[in-house]
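Okay, so here's the structure we're looking at.
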Amino acid sequence: MLDVAIIGGGPAGMTAGLYTTRGGLKNVVMYEKGMPGGQIMNSSEIENYPGVAKVMSGIDFMAPWPEQCQRFGLKHEMINIQRVSKNEDGTFTILKDDGTTEQALSVIVATGSTPRRAGFKGEDEFFGRGVSTCATCDGFFYKDREVTVIGGGDTALEEAIYLAGICSKVYLVHRRDSFRAAPSTVERAKKIENIEFILNSTPDEVFGDNMGVQGIKIKTPDGIRQLDTPGVFVFVGHNVNNEVLKQEDGSFLCDTNEQGQVIVNLRMETSVPGLFAAGDIRLDAPKQVVSAAGDGATAGVNAISYIMEHR
Ligand code: FAD
Ligand code: NAP
């Protein structure tokens, strides 16, 4: 029987692992389906984590986190978790992708969120062949070429700035004329000569051939405009990864809101005793590394208290 099963190895999951193991729990496993680090690994830069004044890529920023957690005894298994369910005795069953199960006294769900698709024609067909949601991963393929960026949030603006340093031109297509992104980031982008803003406009259709994307048609207030860019980067927000909480009958293990975000209190407790949620998956998450890590610490500390009471 595990003390705590942590699902997800992003900033929230790893910090929960650090706090539970450093706080004295001996048998804590973090299940992560890919490399630990979470979605910030896709970011070209992070500059707002307190105490880290140097601007770094997401990969460099996250590099020391796993070692720090493992130093205190956190175990890591690279596997996708299909489902978490509650047993009659109050413990939890963790169902893994290989069909095996594990039992745990407490569970911290920190599965984060996933980039959303914008829903235009050709987006799925050309995904990975010119349509991308990761500038750090794919930007270099378009060195000295033109690309289109879709979205008006922090991710779209920051990644447009990053791409402008590699590509000859960046068209930033946003459906409104005001932005969700921080005003300072918008100002920074506006000062960059090779970023052209196309506002009040939406993607209509991406087109290409067997080799990949050749361009995108945009619906603008003046009609359809064609951008012959071989790269199209879509940054239109995220969906929460709540599948692990879905039970066989389709219901969620704990209370969620209409967007599927997990409802928690200030202790990161869900509506089910012993089940905690931390980071981007919870309601009203500020969707920041620092707050995800803070949630992970809060969940970890309270999971220890729960186990002390229920062991
Ligand atoms: P995530 O980072 O999403 O991690 C969740 C992990 O769970 C993932 O590694 C995933 O593989 C794993 N997982 C999911 N489901 C399962 C499963 N069923 N089984 C096993 N593992 C699973 N924030 C900032 O503070 N500053 C920034 O500059 C910044 N820039 C960003 C730039 C980009 C491009 C993006 C996408 C985000 C950025 N953010 C930034 C936001 C920040 O990355 C997130 O808020 C933060 O990573 C959330 O952490 P998390 O641990 O909750 O979830
Ligand atoms: P976001 O803030 O939700 O912005 C999504 C953008 O995409 C919005 O501008 C939205 O337009 C647009 N959009 C949504 N659906 C669309 C569609 N179908 N077609 C066209 N456009 C569409 O998402 P995000 O930028 O990924 O940021 C997510 C969170 O991470 C935010 O809380 C953000 O602050 C945080 N983050 C922070 C940093 C940082 O602190 N430096 C960096 C990156 C991300 P509307 O505005 O019209 O809705």
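The analysis underlying the following values was restricted to heavy atoms, covering all of them including side chains, and did not include hydrogens, waters or symmetry mates. Counting convention: from 1, in listed order, for ligands and their atoms alike.
Aromatic rings of Y171 and F233 (six-membered ring for Trp) have centroids beyond the 6.0 Å cut-off, not under it. Between F179 and H174, the ring center distance clears the sub-6.0 Å criterion.
By the criterion of a heavy-atom distance under 4.0 Å, neither the backbone nor the side chain of R116 is placed next to ligand 2. Contacts between F179 and ligand 2, counted as non-hydrogen atom pairs separated by less than 4.0 Å, are absent for every part of the residue. The residue A135 has no part lying near ligand 1, judged by heavy-atom distances below 4.0 Å. With a 4.0 Å heavy-atom cut-off, ligand 2 is reached by the side chain of R176 but not by its N, CA, C or O. For A182, no heavy-atom contact with ligand 2 is shorter than 4.0 Å.
Which parts of ligand 2 touch Q288 is read off a 4.0 Å heavy-atom cut-off, strictly below it: atoms 35 (C), 36 (N), 37 (C), 38 (C), 39 (C), 40 (O). Set against the non-hydrogen atoms of N48, the atoms of ligand 2 under 4.0 Å away are 39 (C), 40 (O), 41 (N). If you number the atoms of ligand 2 from 1 as listed, the ones under 4.0 Å from a heavy atom of G237 come out as 3 (O), 5 (C), 23 (O), 26 (O). Atoms of ligand 1 found under 4.0 Å from any heavy atom of G10, numbered from 1 in the order shown, are 4 (O), 6 (C), 51 (O). Using a 4.0 Å cut-off to heavy atoms of G279, the atoms of ligand 1 that qualify are 52 (O). Close approach of ligand 1 to T155 is summarised as follows: ligand atoms under 4.0 Å from at least one heavy atom of the residue are 34 (C). Every atom of ligand 2 is numbered from 1 in the order shown, and the set under 4.0 Å from a heavy atom of H174 is 9 (O), 11 (O), 45 (P), 46 (O), 47 (O). Heavy-atom proximity to V244, at under 4.0 Å, picks out these atoms of ligand 1: 18 (N). The contact set between ligand 1 and V289, taken as ligand atoms under 4.0 Å from a residue heavy atom, comprises 23 (N), 24 (C), 25 (O), 42 (C). Residue-ligand proximity, H238 to ligand 1, at heavy-atom distances under 4.0 Å covers atoms 36 (C). Using a 4.0 Å cut-off to heavy atoms of G9, the atoms of ligand 1 that qualify are 6 (C), 7 (O).
Here the protein heavy atom with the shortest distance to atom 11 (O) of ligand 1 is E32 OE2, 2.7 Å. In terms of protein heavy atoms, atom 41 (C) of ligand 1 is closest to K287 O, 3.6 Å. Among all protein heavy atoms, the one lying closest to atom 7 (O) of ligand 1 is G8 CA, 3.2 Å. For atom 40 (C) of ligand 1, the closest non-hydrogen atom of the protein is I40 CD1, 3.6 Å.
Taking 4.0 Å as the cut-off, D97 does not count as a neighbour of ligand 1 on heavy-atom distance. Ligand 2 lies out of reach of E47, whose nearest heavy atom is not under 4.0 Å from it. At least one heavy atom of P286 sits closer than 4.0 Å to an atom of ligand 2.
Distance alone, capped at 3.5 Å, places no donor-acceptor pair between the D60 side chain and the M56 backbone.
Salt bridge status for R225 with E196: present, with a side-chain N to carboxylate O gap under 4.0 Å.
Taking only non-hydrogen atoms, the option from M78, Q39, M14, E47 nearest to atom 35 (C) of ligand 1 is Q39. Between D177, T185, T155, I46, it is T155 that holds the heavy atom closest to atom 24 (P) of ligand 2. The option with the heavy atom closest to atom 8 (C) of ligand 2, from among E158, R180, H238, R175, is R180. The closest non-hydrogen atom to atom 27 (C) of ligand 1, taken over L245, N48, I6, comes from N48. Comparing G151, A156, G152, A181 against atom 9 (O) of ligand 2, the shortest heavy-atom distance belongs to G152.
Between H310 and Y306, the ring planes are parallel. Angles under 30° get that label, and only those over 60° would be called perpendicular.
Residues meeting the side chain to side chain contact (heavy atoms under 4.5 Å, CB included) test with K287, sequence neighbours left out: Q261, D280, A285.
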